[in-house]
Each structure stands twice: as structure tokens, then as C-alpha cells.
Amino acid sequence: MNIFVGKLNYATSEDDLRQAFEAYGAVSSCKIIMDRFTGRSKGFAFVEMDDNAEATAAIDALNNTLMDGRTIVVNKARPREDRF
DNA sequence: CATGAGCGT
């Protein structure tokens, strides 16, 4: 399941996010969107989890929680492909 | 190359 994570601290790294999600389930992969020019975090990331139950639990558990001093929002991510 | 809602090289 693709998970969207927003309102992230610019200092937050993929490893931090991964560990946070791994605390509630197995994380398949994590990706923080970085800017092409500055190379800094755009403030949101995507976490992919194979287990649907664990993903939902992680979303419900990490949604609106404090991470690195910032309140993050966790929701189900939209499909990057298939716009229609 | 910057800063604070939103959905990815």
C-alpha cells in the first residue's frame, strides 16, 4: 500500500520515516520527495508497505503525530499512474 | 536556489 506523508520536517530523513513506520509494520520502501535544484526535502514523502493491515495501522498510528518536532499527516497515497 | 500545503526522479 502506498502511504502519503506530509508536513514533514525538512531535516527528517527516509530512514527516520522508515523506522517510524517499521515500528507498526514492515516497510517495503520509503521515498522522500526532494527538490531537483536545492536537493532539500519538499516536505512530504511516500511510504510503501506490503501488508495492508500494518499499513492501515501505521497510518492510523502515525497520522497527526509529532515527528522531529513537526506534526505530520499520514494518509493513503494516490496512484501515481492511472490519472483516470 | 527558497520554505510549510500537498501527492513522487
Side-chain angles (χ1 to χ4, degrees):
Chain A
M1 172 183 279
N2 293 31
I3 304 172
F4 170 79
V5 185
K7 298 296 288 292
L8 285 172
N9 189 322
Y10 297 132
T12 305
S13 62
E14 296 179 356
D15 185 69
D16 295 335
L17 246 175
R18 183 164 189 158
Q19 289 181 5
F21 277 82
E22 281 180 345
Y24 297 93
V27 177
S28 181
S29 69
C30 56
K31 172 69 176 299
I32 292 184
I33 311 305
M34 296 288 190
D35 187 85
R36 302 186 188 92
F37 305 97
T38 63
R40 296 178 183 175
S41 174
K42 282 187 178 178
F44 64 95
F46 290 94
V47 178
E48 188 175 358
M49 300 180 74
D50 288 341
D51 193 297
N52 186 279
E54 293 180 347
T56 305
I59 293 174
D60 182 72
L62 295 174
N63 188 19
N64 295 5
T65 52
L66 193 68
M67 178 176 290
D68 198 60
R70 294 293 177 183
T71 304
I72 66 174
V73 290
V74 184
N75 293 287
K76 180 176 175 296
R78 296 177 176 174
R80 214 188 65 166
E81 296 178 332
D82 184 37
R83 300 251 158 46
F84 300 94

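Chain letters run A, B, ... following the sequence lines, proteins first and then strands; every chain starts at 1.
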- Message: Using the six-membered base ring of B:dC7, report whether A:F4 stacks on it, requiring centroids under 5.5 Å and planes under 30° apart.
- Response: yes
- Phosphate OP1/OP2 of B:dG8 contacted by A:R80 side-chain N/O (<4.0 Å): no
- Does the ring of A:F44 meet both stacking tests against the six-membered base ring of B:dA5: centre distance under 5.5 Å and plane angle under 30°? no
- Across the strands shown, which category fits A:I32 at heavy-atom distances under 4.0 angstrom: base, sugar-phosphate, nothing? nothing
- Query: Residues from residues 53-77 of chain A sitting under 4.0 Å of DNA chain B, heavy atoms only?
  - Reply: A:V73, A:K76, A:A77
- Among B:dG8, B:dG4, B:dA2, find the nucleotide with the atom closest to the side chain of A:K31. B:dG8
- Message: So A:R40, base contact, sugar-phosphate only, or nothing? Heavy-atom distance under 4.0 Å.
- Response: base
- Query: According to a strict under-4.0 Å criterion, is A:K42 in side-chain N/O contact with OP1 or OP2 of B:dT9?
  - Reply: yes
- Look only at the side chain of A:E48 and the backbone of A:S28, and say whether a donor-acceptor pair between them is shorter than 3.5 Å. no
- Item | Single-linkage hydrophobic cluster A:F44~A:M1, side-chain heavy atoms < 4.5 angstrom | no
- Nearest-nucleotide pick for A:D35, side chain only, options being B:dC7, B:dT3, B:dA2: B:dA2
- Task: Side chain of A:F46 only, please: which of B:dC1, B:dT9, B:dC7 is the nearest?
- Result: B:dC7
